[in-house]
Amino acid sequence: LPRQYCTDRHCIMYSQTHTMDTRHHASPTLSVVALIVNCGLVCLASANVGHSMVINGDAIGFEFDGHGGLSAGGTTRLLLDYEEPYRSEILDYLFKPNFGASLAVLKLEIGGDTQSTDGTEPSHMHSRDDLGCKRGYEGWLASEAKKRNPDIKIWSLSWGVPGWIGNGSYFSDDNIQYQIQWLKCLRDAYGVDSDYLGLWNERPQGSESYVVTLRHELDNSGFGHVGITMEATWQRLINSVLTNATFNASVAAATKHYPCNVTSAAAIQAHKKFWAGEDTPTPTGNWTGAGCWGRKLNQHFITMNATSAISWAVVWSAYPGEGQQFLANAFINATEPWSGHYDTLPVLWINAHWHQFANPGWQFLQVGPNGGSNMLPDGHGSYVTLVKPSTLAATDAATPTFTMIIETLQGSCGAGNCNNVINATTAAQDLEFSLQGALSAAKELHQWCSTAESVFAYKGVVPIESGGLLRLTMDADAICTLTTLSPTTNGTKGQHAAPPRSTRFPSSHFDNFSTYTEDTLAWGFGDVYGSFAVRADKSSGGDGKNSLTQVATGKPTGWAPTNYDPLTFIGDFMWSDVSVNVSAYINHSAPLGQYVRLCAGCASTSKRVLAYGCPDACCFNLSWTGNWSVGSGDTAVAGMIPNFKDEWHQVQMTLQGTLLEAIVDGVRVARTNSTCPAQHTGMVGVGCGSYHYCALRDFSVQGAI
């Protein structure tokens with residue numbers, strides 16, 4: 001092919017294999033289009049300028065596995081705290097078929113008590129002899145998704161596990177049973193079957209023997225339908241599918257996170273599914289991010305044969321102070337359970353362009369000039385075509401059901417991102433397609449389009465001329481869906497009443513934790529280390545009352561490089577003056593390092609290493625021995641409360657400007673003006689030392705900006 005028809009954007013790593021008839025094959029091999037010697041890669045040609053682009057209904061290609069969203073890293077935490085009807089409205093926009101995004105896949109974190117980006121998620125087994133299937137919100141979210149769309153695919157994956165697993169060794173028999181227990185929890189407590197199970201998020205994938213053993217144990221435990229997925233970015237273990245038949249039979253799909261136009265050649269050659277297992281629009285929340293995402297959905301298939309792409313996050317529902325840099329990195333922003341306010345973002349309607357008109361199990365038409373998916377002339381966009389297989393087998397002359405998604409999107413995916421547009425244009429394009437083969441009898445298509453000015457708008461009927469000729473004009477920076485499906489059954493821009501207006505976190509908040517079900521999360525608390533849940537005091541001599549209790553039993557085997565002492569946040573990330581009052585029981589189980597702490601100025605402390613905390617100078621620490629301290633280093637102040645017992649104590653910390661005061665059981669023990677810096681805005685933090693069962697009651701906070 002002439003070099004001018006190729007750009008660097010279209011040069012991709014492909015496995016050079018022979019062309020084959022793929023009508024009845026779910027995972028066809030690739031047909032190499034051209035080899036560009038100077039880059040040593042296969043180059044997909046843009047469609048020939050001035051000629052019709054072929055849409056060959058007989059060129060059946062890979063099976064479509066559906067696009068979806070990821071709930072992980074604490075980013076769904078606050079959604080659980082929304083009141084009705086707002087919580088259900090958000091869920092409708094995400095999962096309800098033919099209403100909003102109509103997501104086809106929900107990928108979710110298996111909580112492991114570990115910091116996994118913007119918080120921790122509780123484990124279903126804090127210890128070897130512990131089990132709580134209703135903890136957290138991932139199982140609940142999966143059940144809500146299934147309630148709206150019974151056909152949605154569920155994909156489970158661990159970011160980390162409690163420290164007792166394998167005595168700190170992730171790839172162990174303990175972990176295999178732990179993963180299986182999670183699948184049982186989903187099934188038995190929520191009525192949800194997980195379709196796929198990953199190995200370890202963005203970490204090594206173990207060994208061939210571990211994967212084979214996991215497959216064997218899944219089969220023996222009644223989970224033979226659960227496919228094992230393997231990440232191909234952090235370890236090339238997936239290559240063993242070409243040399244180890246038993247291992248090959250154990251793996252269902254290969255995935256890459258934030259792929260840069262590079263597929264897994266071994267997976268494709270072995271006829272495995274290949275997915276963009278985690279990707280994202282830019283966190284702008286506007287049309288720019290939507291354009292980035294829409295371009296990725298089309299071009300990930302064209303350049304990599306990725307038949308699924310998962311956006312992190314499915315909903316952004318974490319405190320801004322826990323991940324300001326990622327805010328709007330989702331289909332919906334829902335960060336205010338106190339007000340009920342939420343924002344649907346333009347990127348939501350990008351997914352609607354796919355999943356209101358095609359479902360998993362449909363098949364792509366092959367990539368290339370004689371297929372039905374390719375780049376537009378000069379790389380100014382792309383198009384993909386999907387067909388419903390059952391309609392291909394019809395014996396009458398009816399046209400098969402099919403959908404085309406055409407994009408000329410130009411939104412940036414971030415500075416230097418390999419998915420950005422190279423040959424941008426502001427000009428509209430007059431496009432001409434030739435419908436051939438099984439699609440040649442089509443007479444008209446219905447069209448929906450999105451631009452920066454209007455999203456998911458029905459544009460009416462586009463007629464098909466004699467000989468199967470389809471002509472249309474595409475504006476720059478737009479996406480359009482053309483389909484045989486009727487607007488009477490598909491293509492609904494669902495809309496609930498406008499949510500309440502946005503407000504800041506209440507200036508005062510109180511919770512005595514008395515109304516909660518056992519082992520549930522307390523309203524508004526977002527854990528960043530450890531795991532806090534409401535539990536009744538059932539110990540010998542206990543009063544049976546509820547407390548917010550730190551329940552993780554040890555430092556986890558984590559995904560993030562940071563797993564510090566347990567800590568949970570609440571409040572407004574712009575608070576400067578605060579007063580916190582709580583009844584606290586340190587409940588020590590070891591002679592050293594066990595305490596409770598009250599803090600101000602808490603937030604993310606790094607954009608790169610996923611660290612969260614509170615300035616030591618803005619914290620009051622109280623040990624079970626009666627020793628207390630404020631700050632650290634040369635500016636620290638400290639003392640000891642005489643005759644102190646490890647029992648319930650009333651603890652208060654007040655911070656006004658730079659003046660910090662601490663009161664224990666009505667007695668002021670600290671008053672200092674030399675530690676907490678003037679610029680200390682942030683949330684309130686409550687923490688425990690060394691993963692022990694500290695407990696809190698009668699929590700109250702007042703804050704001011």
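Between Phe64 and Trp354, the angle of the ring planes lies from 30° to 60°, which puts this pair in the tilted group. Between Trp155 and Tyr196, the ring-plane angle classifies as perpendicular under the 30° and 60° cut-offs.
For the side-chain hydrogen bond (donor to acceptor under 3.5 Å, both in side chains) test with Trp293, the passing option among Asn419, Thr280, Asn351 is Asn351; the others fail.
Here Asp430 does not pair with Arg471 in a salt bridge; the nearest charged N to carboxylate O distance is not below 4.0 Å. One finds a salt bridge joining Glu63 and Lys273 here, because a Lys/Arg side-chain nitrogen approaches an Asp/Glu carboxylate oxygen to under 4.0 Å.
Ring pair Phe364/Phe62: centre-to-centre distance not below 6.0 Å. Taking the six-membered ring wherever Trp is involved, the centroid distance between the rings of Tyr93 and Phe99 falls below 6.0 Å.
Looking only at side-chain heavy atoms (C-beta outward), Glu407 and Gln299 come within less than 4.5 Å of each other. Residues Leu470 and Met404 form a side-chain contact, since some pair of their non-hydrogen atoms from C-beta on lies under 4.5 Å apart. Annotation: side chain of Phe456 is not in contact with side chain of Thr492 (no heavy-atom distance under 4.5 Å).
With Asn423 contributing its side chain and His380 its backbone, the two residues share no donor-acceptor pair below 3.5 Å. Judged by distance alone, with hydrogens and angles left aside, the side-chain atoms of Thr399 form a donor-acceptor pair with the main-chain N or O of Ala442 at under 3.5 Å.
The cationic atom of Lys493 (NZ for Lys, CZ for Arg) lies less than 6.0 Å from the six-membered ring centre of Trp349 and within 45° of the ring axis.
The NE2 atom of His67 lies 4.5 Å from the CG atom of Leu297; values are rounded to the nearest 0.5 Å. Atom OG of Ser382 sits about 11.5 Å away from atom NE2 of His300, to the nearest 0.5 Å. Leu141 contributes atom CG, which lies 5.0 Å from atom CG of Leu106 (distance to the nearest 0.5 angstrom). Distance check, rounded to the nearest 0.5 Å: CG of Leu78 to OG1 of Thr335 gives 7.5 Å.
Taking both residues in full, the closest heavy atoms of Gly340 and Pro500 are given as O-CD, 3.6 Å, listed atom of the first, atom of the second, then distance.
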